[in-house]
Amino acid sequence: MELPDFMSYSNKFTNSEFIEKISRIAKRAGSKLVFAALVLYYTLQSNQVSVKDKAIIIGALGYLISPLDVIPDAIPIAGLADDLTVLLYVMNKVWGNIPEDVRQKAKDKLSTWFDEDEVSEINSVIDEAEKHEEAE
């Protein structure tokens, strides 16, 4: 069985469109969601990641930017909870294959939108991803 050419969908994740969407929802979404989205987006651009990982990343990022959600984004707090759940699940799934420079790039970008306290909140996300990786 041959996988579809998932990279043909990469134009849906252009840098300007993705960053514009994330910057619009950043404060409302919180640092954890934004960090997970950035890690996955930058991982998608890496040549060090398998096609399988890229396929599930495209699905997660597609869900984030899609106007169709299980819980609409317009609903305060709960509206982005489903997006966060999907992003964290996929990030945990591929964490071991994410290059360190990609993780750092996401942290650097995050600090342009959030203050130091908010950026420090992502440590729990990183700890969870590393626990998940060790368990597998």
Side-chain angles (χ1 to χ4, degrees):
M1 179 173 129
E2 189 173 320
L3 287 173
D5 182 13
F6 291 107
M7 295 317 294
S8 67
Y9 296 100
S10 64
N11 65 338
K12 305 294 183 210
F13 304 105
T14 65
N15 193 40
S16 61
E17 289 177 356
F18 179 78
I19 296 299
E20 187 268 328
K21 163 82 177 195
I22 293 298
S23 65
R24 254 194 349 237
I25 67 167
K27 285 297 183 181
R28 186 167 53 103
S31 60
K32 291 178 182 179
L33 184 144
V34 173
F35 177 71
L38 288 170
V39 164
L40 294 176
Y41 180 72
Y42 293 141
T43 300
L44 186 61
Q45 297 173 348
S46 172
N47 293 330
Q48 301 174 30
V49 181
S50 72
V51 172
K52 177 184 166 197
D53 285 351
K54 286 185 178 192
I56 62 174
I57 289 169
I58 288 170
L61 292 176
Y63 187 77
L64 173 66
I65 64 173
S66 171
L68 303 173
D69 274 341
V70 173
I71 304 170
D73 292 347
I75 298 172
I77 302 172
L80 293 170
D82 59 327
D83 297 285
L84 177 61
T85 301
V86 168
L87 292 175
L88 289 177
Y89 174 80
V90 171
M91 189 180 81
N92 286 335
K93 195 91 171 127
V94 301
W95 185 256
N97 299 326
I98 299 173
E100 185 57 42
D101 65 315
V102 167
R103 297 175 191 186
Q104 189 58 51
K105 186 175 180 180
K107 285 182 187 178
D108 293 344
K109 185 66 174 175
L110 192 70
S111 62
T112 65
W113 290 321
F114 294 95
D115 64 32
E116 194 175 310
D117 290 338
E118 292 169 313
V119 171
S120 69
E121 290 178 4
I122 64 161
N123 290 333
S124 64
V125 173
I126 293 169
D127 290 345
E128 185 64 33
E130 289 174 352
K131 282 184 203 171
H132 188 276
E133 180 185 14
E134 289 173 5
E136 287 191 354

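Considering only heavy atoms from C-beta on, Val86 stays 4.5 Å or farther from Leu64 through its side chain. Between Glu128 and Lys32, every side-chain heavy-atom pair lies at or beyond the 4.5 Å cut-off. Residues Glu121 and Phe114 form no side-chain contact, since every pair of their non-hydrogen atoms from C-beta on lies 4.5 Å or further apart. Put simply, the side chain of Ile126 reaches to within 4.5 Å of the side chain of Trp95, judged on heavy atoms.
Using a 4.5 Å cut-off between side-chain heavy atoms of Ile, Leu, Val, Met, Phe, Trp and Tyr, with links allowed through other members, Val39 and Val49 fall into different hydrophobic clusters.
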Is there a side-chain contact (heavy atoms from CB on, under 4.5 Å) between Trp113 and Leu38? Walk through the geometry before answering. CA-CA 12 Å; Trp113 290 321; Leu38 288 170; 4.0 Å; yes
Before you tell me yes or no, could you show the steps for Met91 and Val125 under side-chain contact (heavy atoms from CB on, under 4.5 Å), namely the whole-Å CA-CA distance, both residues' side-chain angles and the distance that decides it to 0.1 Å? CA-CA 9 Å; Met91 189 180 81; Val125 173; 3.1 Å; yes
Intermediate values then yes/no, side-chain contact (heavy atoms from CB on, under 4.5 Å), Thr43 and Asp53: CA-CA 9 Å; Thr43 300; Asp53 285 351; over 6 Å; no
Could you walk me through whether Leu33 and Leu87 satisfy the side-chain contact (heavy atoms from CB on, under 4.5 Å) test, starting with their C-alpha distance in whole Å, then the side-chain angles of each, then the deciding distance to 0.1 Å, before giving a yes or no? CA-CA 7 Å; Leu33 184 144; Leu87 292 175; 3.9 Å; yes
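Taking a cutoff of 4.0 Å between a charged side-chain nitrogen and a carboxylate oxygen, Lys131 and Glu134 do not qualify as a salt bridge.
Within a 6.0 Å sphere centred on CD of Glu116, heavy atoms belonging to other residues, nucleotides or ligands number 12 at most.
In this structure, Ile56 CD1 and Lys54 NZ are separated by 13.0 Å, a value rounded to the nearest 0.5 Å. Between atom CG of residue Leu40 and atom CG of residue Leu88 there is a gap of 9.0 Å, rounded to the nearest 0.5 Å. Rounded to the nearest 0.5 Å, atoms NE2 (His132) and OH (Tyr89) are 7.0 Å apart. Between the CG atom in Asn97 and the OG atom in Ser46 there is a gap of 10.0 Å [rounded to 0.5 Å]. In this structure, NZ in Lys52 is found 11.5 Å from CD1 in Ile57, a value given to the nearest 0.5 Å.
Closest heavy-atom contact between Pro99 and Gln48: CG-OE1, 3.3 Å.
In this structure a side-chain-to-backbone donor-acceptor pair under 3.5 Å is missing from Lys107 to Val119. When atom types are taken as modelled, the side chain of Ser31 and the backbone of Glu118 share a donor-acceptor pair closer than 3.5 angstrom. Of the possible polar contacts, one joining the Asn123 side chain to the Ser120 backbone as a donor-acceptor pair under 3.5 Å is found.
Just one of Asp82, Thr85, Val90 meets the side chain to side chain contact (heavy atoms under 4.5 Å, CB included) condition when paired with Tyr63; it is Asp82.
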